Amino acid sequence: MKLYAAADICKGIYMQKQKMNIVIAGHVDHGKSTVIGRLLADTQTLPEGKLESLKEMCERNSKPFEYAFLIDALKDEQAQGITIDAARVFFKTSKRDYIIIDAPGHIEFLKNMVTGASRAEAALLVIDAKEGVRENSRRHGYMLSMLGITQIAVLVNKMDLVDYDETVFKNIVAEYSEFLNEIKITPSAFIPVSGMDGDNIASLSDKTEWYKGDTVLEVLDNFKKEKALSDKPFRMPVQDVYKFTKFGDDRRIMVGTVETGSVSIGDTVIFYPSGKKSKIKSFESFNTSPIKNASAGYASGFTLDEQIYVTRGEVAVKKEEQRPEVTSRIRANIFWLGKKPMVKKKEYFLKTGTAKVSARIEKVVRVIDASNLQSSENKQQIERHDVAECILNLGKAIAFDTSENISQTSRFVIIDDYEICGGGIIRQGLSDKQSDARDQILLRNYKWDKSIISTVERAERYNQKSALIVITGEEDTGKKPLARKLEENLFREGKFVYFLGIGNVLYGVDADIRDSDERSEHIRRLAEIAHILLDTGMILIITAKSLTQEDLELIKMSVNPDDILSVWVGDKITTDLECDMHISGNDTTEESCNRIKGILQESGVIFKPW
Ligand code: GTP
Ligand code: MG
């Protein structure tokens with residue numbers, strides 16, 4: 001009985017064996033694949049007889065055997081003798097299971113190296129003892145540091161080709177240490193090895209008696225696990241919002257993959273950039289038993305206590321944890337892989353998490369040649385394989401963390417013509433035009449005390465949903481008469497409705513700001529009033545002169561965009577406003593009123609008469 005329990009415990013421990021992702025990088029042909037092949041052979045990870053049969057096959061074809069063949073699964077890769085894609089290989093030591101990503105060393109495949117490295121927790125960097133430090137030895141080192149991988153061991157390989165000479169080893173150690181020092185990386189170890197002969201890979205070699213350090217396997221086992229992703233603050237980029245379509249069921253499921261941290265039923269979550277908050281009511285799981293929480297790495301879907309308007313691209317965060325940054329201006333480090341250089345004025349797309357926004361370079365602060373660390377401050381574009389520090393202007397504010405805080409949610413890729421052309425990390429969020437207003441709204445949402453009476457109860461009482469009708473256009477186009485008529489019409493039909501003329505705000509709430517330059521502050525206050533009145537369940541009508549898209553965006557920050565109906569009155573739309581409805585000057589007030597009511601009925605704000 002006891003024995004049985006012990007076996008179970010052992011099984012349990014085995015199940016929980018640690019996993020670690022390692023990337024192997026370095027200049028082309030310096031022996032990365034060979035070292036991995038050796039690791040596989042020396043840790044007895046290979047199926048029995050595999051090594052022998054491969055050696056036999058090589059002999060039959062009068063082809064010299066290569067350890068790299070063990071992992072070179074791709075056919076054309078064997079033909080060309082270079083690693084084309086990043087291959088994933090598994091092996092284990094008594095301490096943990098390793099997933100080792102074999103990245104190609106050729107410059108053309110830098111993108112594969114970066115993709116492979118973006119999942120790694122530590123790296124082995126291979127340098128050919130005979131060739132010495134080459135440009136991709138440095139470039140790869142730099143990329144690793146940019147991706148936040150700071151645990152690096154350097155293998156000085158092919159020691160057999162230099163007669164295991166300590167001086168050759170020491171010179172490479174000195175040269176590469178200086179480089180790593182400049183990019184602020186302290187390597188865990190420098191190890192003289194021969195991938196071909198297996199020296200110092202799994203056991204210390206008597207050909208390098210002068211070497212007193214650890215073997216490659218020991219160094220790997222000494223790498224520390226990164227702070228578990230689930231211990232970091234909770235971040236889940238919203239991938240989709242599923243709505244139930246059944247009548248009366250307005251539940252929505254927020255779906256996404258948890259990047260870091262964990263979340264449980266009952267937790268209050270805030271969605272950024274909007275700052276909307278609600279409590280997690282349930283997790284929806286398909287084909288599995290019900291779950292009560294979700295943590296890093298898991299795809300999850302949850303419903304909320306109260307229906308709030310959230311869209312793809314927002315990031316869910318736990319209320320009591322550190323909040324992400326929200327802005328449309330960032331300082332970032334970018335590495336460029338596109339064939340054409342990255343230039344100012346051109347519009348690109350930036351993707352981080354599930355958010356995709358347009359992006360333009362505002363300023364190239366400095367460009368660094370990652371192969372020699374030479375930086376130039378007056379370059380105005382980023383050439384292929386260059387790394388640059390720059391300031392980017394985004395089409396819309398996004399939520400992110402800086403690389404210092406949570407590297408997972410600081411990473412982004414740049415897309416041009418549907419293709420990934422670069423990537424990088426966000427170093428800092430900078431203030432943009434709407435920063436002040438946004439900060440105020442985020443704080444207001446954070447502090448907002450919800451009424452006991454729910455939105456649904458109010459809607460039932462008033463027989464309507466709350467909505468904001470914004471009527472805008474040039475001067476003297478009949479905005480105000482229309483607004484008054486609409487108010488009266490809806491009121492006579494028993495609706496809870498109010499028309500708020502801008503004048504009633506200007507001389508009251510806005511009495512302390514007279515300057516017409518303070519337009520955005522006027523708009524912000526108007527939107528704040530609208531936000532309060534909409535919370536009461538009211539249909540609010542406001543008029544304002546010649547609103548622009550930026551004004552509307554500002555209002556949308558305060559008021560749920562789903563609840564806004566924007567109407568332009570006048571023959572020609574003279575601003576960049578993308579309105580929901582255009583009423584030309586020829587329509588009578590009565591006709592216009594009916595058209596607006598039609599839209600309100602269609603969107604379910606008011607019900608169609610029986
Ligand atoms: P890419 O994937 O193309 O970047 O190359 P790689 O770094 O994976 O190099 P690979 O392991 O394919 O080795 C390149 C060549 O160097 C092969 O011919 C190997 O046999 C040889 N080689 C690798 N390690 C050693 C070594 O320790 N000693 C000697 N003499 N040759 C080696
Ligand atoms: Mg290779």
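Note that the structure is a prediction, hence the values are computed from the model and not measured. In listed order, ligands and their atoms are each counted from 1.
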> Does V28 reach ligand 1 with a nitrogen or oxygen that is under 3.5 Å from one of the ligand's nitrogen or oxygen atoms?
no
> Does the pair K95/E218 count as a salt bridge with the N-to-O cut at 4.0 Å?
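Salt bridge flag = no for E218 with K95.
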> Can a donor-acceptor pair be found between the side chains of D369 and Y142 at a distance below 3.5 Å?
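Judged by distance alone, the side chains do not pair up.
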> Identify, by atom number and element, the atoms of ligand 1 in contact range of H30, meaning under 4.0 Å from any of its heavy atoms.
7 (O)
> Kindly identify the option in V193, V35, T34, I36 whose heavy atom sits closest to atom 23 (C) of ligand 1.
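Heavy atom nearest to atom 23 (C) of ligand 1 belongs to T34.
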> Any nitrogen or oxygen of D197 lying under 3.5 Å from a nitrogen or oxygen in ligand 1? Just yes or no.
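By distance alone, the answer is no.
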> Using 2.8 Å as a strict upper limit, say whether an N, O or S atom of T34 approaches the Mg ion (ligand 2) that closely.
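Given the 2.8 Å cut-off, T34 does not count as a ligand of the Mg ion (ligand 2).
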> Kindly confirm or rule out a cation-pi arrangement of K92 over F90, judged by NZ or CZ under 6.0 Å from the six-membered ring centre and within 45° of its axis?
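Not satisfied by the 6.0 Å and 45° rule.
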> Under 4.0 Å from a heavy atom of E66: give me the atoms of ligand 1 that qualify, with their elements.
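Listed by number with element, the hits are 17 (C), 18 (O), 19 (C), 20 (O).
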> Return a yes/no value for L161: is any of its N or O atoms, backbone included, closer than 3.5 angstrom to an N or O of ligand 1?
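No, since none of the N or O atoms of L161 sits under 3.5 Å from an N or O of ligand 1.
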> For D29, which part has a heavy atom under 4.0 Å from ligand 1: side chain, backbone, both, or neither?
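Within the 4.0 Å criterion, D29 contacts ligand 1 through backbone and side-chain atoms alike.
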> Just going by heavy-atom distances, which of K158, M159, K130, M196 is nearest to atom 21 (C) of ligand 1?
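Ranked by closest heavy atom to atom 21 (C) of ligand 1, first place is K158.
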> Salt bridge or not between K379 and D386? Use side-chain N to carboxylate O under 4.0 Å.
yes
> Tell me whether the rings of F271 and F302 are parallel (<30°), tilted (30 to 60°) or perpendicular (>60°).
tilted
> In this structure, which one of T260, T352, D401 forms a side-chain hydrogen bond (donor to acceptor under 3.5 Å, both in side chains) with T409?
D401
> Flag the pair R139 / H385 as yes when at least one side-chain heavy-atom distance between them is below 4.5 Å, and no otherwise.
yes
